[in-house]
Visitor: 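There's a structure below that I have some questions on.
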Amino acid sequence: MAPIGKLFSLYSRKPRKGKPVFYARFKKPDGTWGSGKCTNTTNRNMAETWAINYLQGGQVVLKENITFEEFTAGFFNWGGEWATDKQVTGKRVTPRQCKEKTAILIGRLLPVFGKMRLTQIDKTAIKAFRNDLFLKGYAGQTINASLSCLKVILEAAEEKALIRYLPKIERASIKAKERGILTVEEVRRLFALEWPDFRCYVMNFAAASTGLRRGELLALQLKQVHGDYIEVNRSWDEVSASMNETTKTGRSRTVIIPGMLKREIDRLIDMNPWGKPDSFLFYSTVEHKPMEGSLALETLYQAMEVIGIDGIARKARNITFHSWRHWFNSLLINAKVPIQKIQSLTGHLTAEMTQHYYHIDELGDVVDIVQESLIG
């Protein structure tokens with residue numbers, strides 16, 4: 001390393017009034033000099049002390065003109081520096097997480113910060129970005145996921161001495177609207193209807209009967225359906241139209257199929273135009289892609305209209321496809337099913353809960369609860 005005195009130079013500027021003020025320029029790794037920084041002193045010795053303290057404080061920006069877009073190219077790639085560092089330090093990271101963060105980077109961060117220099121991204125710019133997302137109608141969770149990605153990127157920039165400090169990032173504090181669920185009576189009426197698309201009927205029926213996420217249902221292949229249970233180990237990413245090789249939590253699980261659902265799944269399998277072990281259960285006209293998940297949601301909304309729940313009421317109650325997961329979870333909690341057993345079915349594992357695996361023959365109570373609720 002070069003002597004500290006070789007890493008900066010001093011020069012003075014004469015103001016309109018008063019004595020000349022000293023400025024310091026710092027040498028960058030490529031041998032070029034950065035722009036001058038005011039030391040706020042007219043004394044050369046004090047200016048030298050300021051420059052030395054500035055260097056020792058790690059405040060020198062080594063490359064001032066790098067843009068956010070340049071710095072973040074491939075930032076969240078699986079196998080890249082960020083993901084590798086996570087793995088090396090024993091922190092959980094999956095290809096799915098890399099995909100999700102890359103989608104946030106491309107969809108929300110780059111359009112705003114892409115052309116900005118890293119040194120221009122300050123508290124004011126971040127606050128404006130956060131507030132703009134709110135005004136566009138994004139939920140607090142989505143806003144904070146975007147801010148979290150931005151923070152990770154700026155932390156890396158600070159570590160590489162590309163910014164002098166990490167700007168303060170204030171998260172959104174917006175109470176999420178509680179997810180609505182249908183009543184047992186509404187659910188029975190809904191599934192008593194004749195749906196125009198049998199695939200959509202079975203997907204919604206399966207979500208209500210098992211609590212599976214939409215992406216998990218779309219990822220199901222015929223080889224994962226085994227009589228009275230389903231293997232759940234992957235998830236379909238509807239944004240990128242590609243397969244995530246793990247579930248959202250990164251864990252595989254076994255989910256029971258109540259008898260009535262098994263009959264409907266068997267009918268759907270008989271209708272499958274591809275019929276191979278790796279064919280999607282919820283098939284499409286393209287052999288290696290599942291149906292559009294949005295179709296299952298649209299058909300659900302149409303069925304809700306038939307039983308008297310119009311769009312205004314649906315939105316007021318905040319009922320979406322994901323409401324099936326809440327419905328299933330609430331159904332079992334109200335029936336006093338042990339929380340560990342519910343977690344083993346839904347995949348909702350937390351650090352506070354002890355993981356408990358239940359065998360198929362221990363889940364008869366769940367089958368009875370679900371069937372009684374759906375068909376009475």
Side-chain angles (χ1 to χ4, degrees), residues 76-79 94-104 106-107 190-191 193-303 320-322 324-325 328 345-347 360:
F76 291 114
N77 285 356
W78 179 249
T94 65
R96 177 193 179 111
Q97 286 176 306
C98 290
K99 260 190 192 177
E100 290 172 347
K101 290 185 181 299
T102 297
I104 291 173
I106 294 171
L190 202 63
F191 291 125
L193 298 174
E194 178 119 10
W195 291 41
D197 190 322
F198 189 62
R199 296 170 305 169
C200 297
Y201 170 81
V202 178
M203 182 179 286
N204 280 275
F205 200 20
S209 304
T210 64
L212 288 177
R213 300 177 178 91
R214 192 163 91 181
E216 292 170 342
L217 287 163
L218 290 171
L220 287 177
Q221 295 173 306
L222 301 189
K223 62 186 177 184
Q224 294 169 270
V225 181
H226 306 279
D228 56 358
Y229 71 95
I230 297 173
E231 291 178 81
V232 182
N233 49 36
R234 300 192 298 177
S235 179
W236 182 259
D237 185 337
E238 295 183 70
V239 175
S240 63
S242 62
M243 186 71 79
N244 288 313
E245 293 303 323
T246 64
T247 62
K248 185 176 182 179
T249 59
R251 298 176 184 269
S252 300
R253 65 189 189 279
T254 301
V255 175
I256 56 166
I257 307 175
M260 58 195 178
L261 175 60
K262 180 181 182 304
R263 289 191 295 273
E264 305 294 17
I265 287 177
D266 287 344
R267 282 181 60 197
L268 188 61
I269 291 174
D270 288 340
M271 295 167 61
N272 194 297
W274 312 113
K276 300 174 184 175
D278 61 353
S279 297
F280 286 102
L281 175 61
F282 297 102
Y283 56 86
S284 70
T285 55
V286 179
E287 183 173 2
H288 300 296
K289 284 189 177 181
M291 62 178 276
E292 292 290 333
S294 58
L295 184 59
L297 180 63
E298 291 165 9
T299 311
L300 167 63
Y301 290 168
Q302 290 168 10
T320 67
F321 190 90
H322 199 70
W324 288 129
R325 189 164 170 79
F328 179 78
L345 294 169
T346 62
I360 294 299

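Hydrogens, waters and symmetry mates are skipped; everything else that's a heavy atom, side chains included, is used. In this chain, numbering begins with 1 at the start of the sequence shown.
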Visitor: Search all heavy atoms of Trp324 against all heavy atoms of Ala208 and return the closest pair with its distance.
Guide: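 Scanning both residues completely, I find the closest heavy atoms to be CE3-CB, 3.4 Å.
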
Visitor: Kindly indicate, with the supporting measurements, whether the criterion side chain to side chain contact (heavy atoms under 4.5 Å, CB included) is fulfilled by Leu220 and Val225.
Guide: CA-CA 8 Å; Leu220 287 177; Val225 181; 5.6 Å; no

Visitor: Using the test ring pair (Phe, Tyr, Trp, His ring centres under 6.0 Å), find all partners of Tyr283 that sit at least two apart in sequence or belong to another chain.
Guide: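 Tyr283 satisfies ring pair (Phe, Tyr, Trp, His ring centres under 6.0 Å) with no other residue.
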
Visitor: Provide the closest heavy-atom pair for Cys98 versus Phe76 in the form atom of the first, atom of the second, distance.
Guide: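 Looks like CB-O, 3.0 Å.
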
Visitor: Carefully, step by step, assess Met203 and Cys200 under the rule side chain to side chain contact (heavy atoms under 4.5 Å, CB included).
Guide: CA-CA 5 Å; Met203 182 179 286; Cys200 297; 5.7 Å; no

Visitor: What pair of heavy atoms forms the shortest contact from Asn244 to Arg234, and how long is it?
Guide: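 Heavy atoms only, the tightest pair is O-CB, 3.3 Å.
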
Visitor: Evaluate the ring planes of Trp195 and Tyr201, with Trp represented by its six-membered ring, and classify them as parallel (under 30°), tilted (30 to 60°) or perpendicular (over 60°).
Guide: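 Geometry flag for Tyr201 against Trp195: perpendicular rings.
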
Visitor: Would a distance-only check, ignoring hydrogens and angles, find a side-chain to backbone donor-acceptor pair under 3.5 Å from Glu264 to Leu261?
Guide: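 Judged by distance alone, no pair lies under 3.5 Å.
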
Visitor: Applying ring pair (Phe, Tyr, Trp, His ring centres under 6.0 Å), can you list everything that pairs with Tyr301, at least two apart in sequence or on another chain?
Guide: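 For Tyr301, no residue satisfies ring pair (Phe, Tyr, Trp, His ring centres under 6.0 Å) once neighbours in sequence are set aside.
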
Visitor: Using every non-hydrogen atom in the two residues, find where Trp274 and Ser284 come nearest and quote the distance to one decimal.
Guide: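 For Trp274 versus Ser284, the nearest heavy atoms are NE1-O, 3.1 Å.
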
Visitor: Of the non-hydrogen atoms in Ser209 and Phe328, which two are nearest, and what is the gap between them?
Guide: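 Where Ser209 meets Phe328 most closely, the heavy atoms are O-CE1, 3.1 Å.
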
Visitor: Walk me through it: do Ile265 and Lys262 pass the test side chain to side chain contact (heavy atoms under 4.5 Å, CB included)?
Guide: CA-CA 5 Å; Ile265 287 177; Lys262 180 181 182 304; 5.7 Å; no

Visitor: Could you check if a side-chain atom of Asn204 sits within less than 4.5 angstrom of a side-chain atom of Phe321, using non-hydrogen atoms only?
Guide: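 Asn204 reaches Phe321 side chain to side chain.
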
Visitor: Any heavy-atom pair between the side chains of Trp236 and Lys289 that's under 4.5 Å?
Guide: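 They are in side-chain contact.
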
Visitor: Calculate, to the nearest 0.5 Å, the distance between atoms CZ and CE belonging to Phe198 and Met271 respectively.
Guide: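 Phe198 atom CZ to Met271 atom CE measures 6.0 Å (nearest 0.5 Å).
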
Visitor: Taking side chain as C-beta onward, heavy atoms only, is Leu297 less than 4.5 Å from Arg214?
Guide: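 Side-chain contact under 4.5 Å: yes.
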
Visitor: Apply side chain to side chain contact (heavy atoms under 4.5 Å, CB included) to the pair Ile230 and Ile257, showing each step before the final yes or no.
Guide: CA-CA 7 Å; Ile230 297 173; Ile257 307 175; 3.3 Å; yes

Visitor: Mind checking the CG-CG spacing from Leu217 to Leu281? Nearest 0.5 Å is all I need.
Guide: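 Spacing of CG (Leu217) from CG (Leu281) equals 8.5 Å.
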
Visitor: So, taking the atom named CG in Leu218 and the one named CE in Met291, what distance separates them when rounded to the nearest 0.5 Å?
Guide: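 One gets 7.0 Å once the value is rounded to the nearest 0.5 Å.
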
Visitor: Do side-chain atoms of Asn272 reach the backbone of Phe280 as a donor and acceptor pair under 3.5 angstrom?
Guide: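 A pair under 3.5 Å: yes.
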
Visitor: Nearest 0.5 angstrom please: Glu245 CD to Thr94 OG1, how far?
Guide: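 Output value for this atom pair is 11.0 Å.
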
Visitor: Under a 4.5 Å cut-off applied to non-hydrogen side-chain atoms, are Arg199 and Leu295 in contact?
Guide: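 SC-SC contact between Arg199 and Leu295 confirmed.
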
Visitor: What distance separates Ser242 OG from Asp237 CG, expressed to the nearest 0.5 Å?
Guide: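 Going from the OG atom of Ser242 to the CG atom of Asp237 covers 5.0 Å.
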
Visitor: Could you walk me through whether Arg96 and Ser235 pass the side chain to side chain donor-acceptor pair (under 3.5 Å) test, one step at a time?
Guide: CA-CA 9 Å; Arg96 177 193 179 111; Ser235 179; 3.1 Å; yes

Visitor: I need the minimum non-hydrogen distance between Ser252 and Asn233, along with the two atoms involved.
Guide: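 Shortest heavy-atom contact: OG-CB, 3.2 Å.
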
Visitor: Testing Arg253, His226, Gln224 one by one against Glu231 for a side chain to side chain donor-acceptor pair (under 3.5 Å), which residue passes?
Guide: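 The residue from Arg253, His226, Gln224 that satisfies side chain to side chain donor-acceptor pair (under 3.5 Å) with Glu231 turns out to be His226.
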
Visitor: To the nearest 0.5 Å, what is the distance between CZ (Arg325) and OG1 (Thr320)?
Guide: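 Output value for this atom pair is 12.0 Å.
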
